[in-house]
Amino acid sequence: VTAEPLRLHRIDLRVAGSVAALAILGYVLQCSIRAAAPEGAVERTIDFARSQLTWYVVGTLVAFLVLMVPYRTLLDNAYVLYFLGLALLASVFVVGTTVNGARRWIDLGPAMVQPSEIMKIGVVLVLARYIRFRDDQKTLPGLATPFLLTAIPMALIFRQPDLGTALLFLPVLFAVLFASGARPRHLLAVAAMGVVFAPVVYFVALKDYQRERVRTFLTFSPGETDPEARRMLRQEGWQTNQSRLAVASGGLAGAGLGQGIQNRSGAVPEHQTDFIFTVLAEETGFAGVCLMTGIYGLLFVSLASIARRCRDPAGKLLVTGVITILAFQAYVNLAMTVGLGPVKGVPLPFLSYGGSTTITSFTAVALALNVGARPGFDFGRSDFG
Amino acid sequence: LFENRMRWILAGFGCLGLLFLCRVFFLQTYEAGEARRALEGRLTAEILLPPRRGSIVDADGAVLARDEVGYDLTADPFGLGAMEWECEGCGRVTRTYESDAGAGATTEAPGPAAPPSPCTSGACGGRARWVPTYASDRLALAGLLGVPEEVFAAELDRARLLGWEEARKAATGRDERWRRQVLRDRLTRVRPLRKDVGREAAMEVFLNPERYPGLHAEARAHRARAEGLDGATLRILGTTGPLLKEDLDERREDLEREGLSGALLARIVFGRSGLERIFDRELRGDFGLERRERDIYGRSKSREVLEPARDGPDLRLTLSTRLQAAAEAALAGRKGGLLAMDPRTGAILALAGVGEDGEPLPAVAGLVPGSVVKALTALVAVENGLAPAAGEVECRGKDSKPISCEHEHGAPGLVVALGDSCNAYFAATGIRVGVRPMRDFARRLHLDEPYGIGIPLEGGGTEWSQRVYRAPWTRTDMANLGIGQGKIVLSALQVGSLFCAIANGGRPVKPFLVEGRGAPAEAPAFLLETLAEVRAGLEATVRTGTASEAGLGRFRAAGKTGTAEVKKGTGTWNAWFAGYAPAEDPRVVVVVVLLDSPRSGGHAAAPVVAEFLAAFEEWERSRR
């Protein structure tokens with residue numbers, strides 16, 4: 001199995017093409033931010049466009065590395081990778097760097113590594129590996145192990161605290177279980193239990209600022225009649241408002257690259273990372289938004305066709321996990337910028353500035369391409385029916 | 001199965017994508033215009049340009065009130081709690097602040113900031129001591145403020161403790177993150193410490209902020225008054241300040257018409273009493289408007305004055321502070337008032353004398369006028385042909401009916417009766433004339449109502465009509481009216497107007513304080529013959545009558561004394577003298593009223609007028 005050769009002609013060009021298109025779009029947006037930034041702004045002192053270009057190159061190299069290794073080798077070592085990831089996550093609490101009150105990063109000198117990003121891939125791998133030849137996920141007790149495998153890293157990430165990334169694991173788990181034939185009613189029952197326990201989590205596990213964000217999103221804040229508190233809630237909602245203004249002002253055609261008022265005045269905080277979409281929406285308008293959505297759509301549909309073509313159940317699950325990670329992350333980010341969801345520290349895959357997120361996204365796609373490029377053997381059981 | 005389920009997953013994400021697209025479409029079509037307007041609105045701003053409040057100057061051109069820059073000292077509790085330390089060993093300087101450790105549990109403020117832990121720089125090996133630097137010595141400012149150090153130290157301490165207490169109170173019961181924010185917010189809030197600290201102390205703080213952590217100097221427009229103004233002038237000028245709530249309710253409509261409301265009101269200095277209030281709208285001037293354009297980065301790009309601010313015009317008074325001072329000197333601290341008017345126009349030249357706090361100025365208060373009213377009684381009687389001729393009324397002194405007289409005047413004519421102030425003659429005249437003609441003349445001469453010239457609690461004149469309409473007048477009432485006793489109430493201002501009319505050829509005038517704001521000239525209310533007879537009587541007062549000993553002769557003055565009984569049996573009176581000078585071509589009318597005077601009008605009030613007239617002549621000379 002390990003000797004299975006890489007067949008380059010089987011690399012899905014639609015996937016690679018969409019990723020390349022998104023990366024170009026990301027680079028253009030970073031250039032627009034840099035061109036529009038005022039004298040003395042942070043965007044002028046740090047060349048985000050150039051370092052993002054570096055990250056795209058690094059991401060592509062990592063993707064090639066991942067492609068070289070047959071995905072089945074990776075699956076065979078899934079548990080090792082998983083525990084390595086857990087160890088990395090745990091080490092954040094010891095050697096991690098605190099930024100904005102959260103310990104999420106490990107400082108490696110030239111770059112900061114975010115173990116929770118790496119763990120996303122780890123969880124997908126370990127779930128695919130665990131479920132691949134099983135049938136018991138179709139029973140309620142059989143769901144316990146997959147849930148446990150997901151819950152441990154989630155809890156660690158939750159403690160950092162990084163609510164946004166932690167919650168990303170849930171859809172991955174559900175999607176992989178659903179695709180592998182778990183009964184919908186079982187999954188619904190588990191989800192219902194989660195809903196029941198949500199208030200407990202809200203009041204016990206969430207940090208103040210996380211609760212605040214949820215309250216801001218819900219716009220009303222029960223029991224908060226104190227004007228001072230209301231004023232601060234408004235401050236929290238300010239970012240959302242600015243982002244919404246930027247998106248709305250784009251109109252159908254957009255202001256033109258480098259011409260957006262919100263982009264140029266830097267009124268939307270984090271507009272080179274989490275709020276990159278506001279720049280796109282403001283400067284290219286609805287046309288640009290449709291283009292971006294179209295590219296994402298093409299990417300996910302092409303990934304899905306890889307999964308369908310693959311005859312290896314583990315490969316299918318792997319690609320399902322990859323789709324879910326990327327699609328859900330994209331949705332959470334976009335929903336946040338247009339006021340459909342709470343503000344979370346979730347970057348937009350391929351577009352947001354950042355090393356960890358770029359490399360993780362490229363790695364995820366490389367895994368899927370890996371599956372597509374190695375048709376593998378027929379295990380006689382390509383379907384979970 | 002997998003294929004089927006994959007389709008479901010893709011469909012799920014497809015729905016989310018569609019939802020997102022719909023949302024963006026909604027925002028970028030429906031909300032696009034509004035969002036663009038909001039963003040472009042940030043690039044321009046219309047700024048109100050405040051006008052300068054007009055000054056008030058007196059008749060001689062001396063500035064009585066104007067806007068100047070004043071300085072206040074303010075403080076923030078957080079800065080006040082900071083200490084600066086210097087390491088004795090290596091010279092390193094550091095600052096410490098009061099911490100809020102344990103805040104919320106107690107309302108006590110922490111003690112002064114403690115010195116930091118030993119210096120850790122290598123040079124001194126951690127053994128050196130920290131000593132407070134000069135920057136921790138805010139008390140150095142006490143000298144410039146002119147207060148003892150311990151007083152200033154106590155003020156600083158109080159400001160710091162109060163600030164902390166308030167901040168604690170505001171922060172109590174909040175969760176950790178907000179609590180810190182609220183604390184920081186409140187502790188750095190600047191509050192007033194000392195008002196009007198003087199330029200020198202303010203400059204010291206402006207120029208050396210690092211030397212006085214926590215202390216700030218603020219400049220603001222300040223309504224400055226000329227030095228050494230007398231109490232009456234201050235009352236006439238009135239006060240300024242922010243609008244009080246009750247004022248706001250009263251003036252809301254006017255302010256709305258001007259387009260002033262909300263936060264803008266807090267920035268405006270309003271007149272609250274006196275002339276500042278009466279002429280407030282005018283003095284304030286009008287706000288100008290400036291459009292400022294900013295570039296996208298918030299930098300100023302252009303400014304264009306759409307409409308310049310119109311400063312309030314200066315208000316020139318008819319009042320002279322020099323005459324005010326002379327009047328105060330003539331009154332010599334006695335309780336009472338002095339009024340000087342220009343008989344030709346009604347302009348008030350001086351209005352001096354301060355009563356008790358909360359009571360009206362004596363010159364504008366409604367008082368029983370006594371015999372000065374006989375001038376009016378005489379006018380009305382002569383004008384109507386009802387004045388008793390010599391021999392018609394017999395004065396039997398104390399035995400006169402219905403009102404007794406001080407002396408036996410025999411059977412005087414009008415001139416003698418006026419000069420000697422014969423009660424018997426004017427009581428009889430009052431009865432003969434009746435109420436209605438008296439009241440009608442009072443109306444013609446504007447003696448029936450206060451004038452509303454802006455001095456608080458102005459009174460006088462209203463009682464007459466009450467008597468006319470609410471109760472029948474008896475013979476005694478009418479007799480009393482004729483001699484200015486009983487129910488009649490007039491202010492010195494009204495008596496002044498009466499004598500202005502006598503002095504200027506019968507034209508009624510209304511008194512006024514601001515140049516150019518007098519009422520238009522009116523037609524004479526009496527025949528010249530009438531006036532001539534009455535003026536002869538008033539001249540007799542000074543020459544041979546009740547005021548002959550007051551020294552008014554050298555000013556060729558004419559007038560009428562009055563000694564009004566207000567408190568029976570106390571042996572004190574309201575002593576009046578109202579007159580004009582010079583008699584042949586009057587240029588000034590002077591009314592003096594002394595309250596609770598032990599002497600008569602002729603002996604107490606008339607000499608005051610004489611003293612004032614001396615000062616007036618000098619003033620007139622200096623103006624020529």
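Convention: sequence-line order gives letters A, B, ...; per-chain numbering from 1. What you see is a predicted model, and the numbers here were worked out from it, not measured in a lab.
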Which value, rounded to the nearest 0.5 Å, describes the distance between [X] atom [atom1] and [Y] atom [atom2]?
| X | Y | atom1 | atom2 | value |
| --- | --- | --- | --- | --- |
| B/Arg37 | A/Leu245 | CZ | CG | 12.0 Å |
| A/Thr293 | B/Phe20 | OG1 | CZ | 5.0 Å |
| A/Phe328 | B/Ile9 | CZ | CD1 | 13.0 Å |

Going by heavy atoms in the side chains, are B/Glu31 and A/Arg244 under 4.5 Å from each other? yes
Any heavy-atom pair between the side chains of B/Leu39 and A/Glu282 that's under 4.5 Å?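 When only atoms from C-beta onward are counted, B/Leu39 and A/Glu282 do touch, with a gap below 4.5 Å.
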Winner by heavy-atom pair count (cut-off under 4.5 Å) against chain A, out of [options]:
| options | answer |
| --- | --- |
| B/Arg7, B/Arg36, B/Glu34 | B/Arg36 |
| B/Leu21, B/Leu10, B/Asn4 | B/Leu21 |
| B/Leu19, B/Val24, B/Thr29 | B/Val24 |

Could you pull out the closest heavy-atom pair between B/Gln28 and A/Ala281, with the gap in Å?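 Distance-wise, the nearest heavy atoms are NE2-O, 3.1 Å.
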Ignoring hydrogens, what is the shortest heavy-atom contact between A/Ser249 and B/Ala35? Give both atom names and the distance. N-CB, 3.7 Å
State whether the side chain of B/Arg23 and the backbone N or O of A/Val338 hold a donor-acceptor pair below 3.5 Å, judged by distance alone.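 Confirmed, B/Arg23 side chain pairs with A/Val338 backbone.
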Ignoring hydrogens and angles, tell me if any N or O in the side chain of A/Arg308 forms a donor-acceptor pair with the backbone of B/Phe2 under 3.5 Å. no
Part of A/Thr320 within contact of chain B (heavy atom distance under 4.5 Å):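 A/Thr320 touches chain B through backbone and side-chain heavy atoms alike.
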What part of A/Thr337 gets closer than 4.5 Å to chain B, counting heavy atoms only: side chain, backbone, both or neither?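 No part of A/Thr337 comes within 4.5 Å of chain B.
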Please look at B/Leu16 and chain A and tell me whether the side chain, the backbone, both or neither of the residue comes under 4.5 angstrom of a heavy atom of that chain. both
With chain B, which of A/Gly297, A/Cys290, A/Gly285, A/Ala330 has the greatest number of heavy-atom pairs at distances under 4.5 Å? A/Gly285
Residues B/Phe25, A/Phe286; criterion ring pair (Phe, Tyr, Trp, His ring centres under 6.0 Å); working and verdict: CA-CA 7 Å; B/Phe25 185 74; A/Phe286 193 63; 5.0 Å; yes
For B/Phe206, look at atom CZ and say whether over 12 heavy atoms of other residues, nucleotides or ligands are found less than 6.0 Å away. yes
Verify ring pair (Phe, Tyr, Trp, His ring centres under 6.0 Å) between B/Phe13 and A/Tyr296, making sure each step is shown before the conclusion. CA-CA 11 Å; B/Phe13 281 122; A/Tyr296 271 124; over 10 Å; no
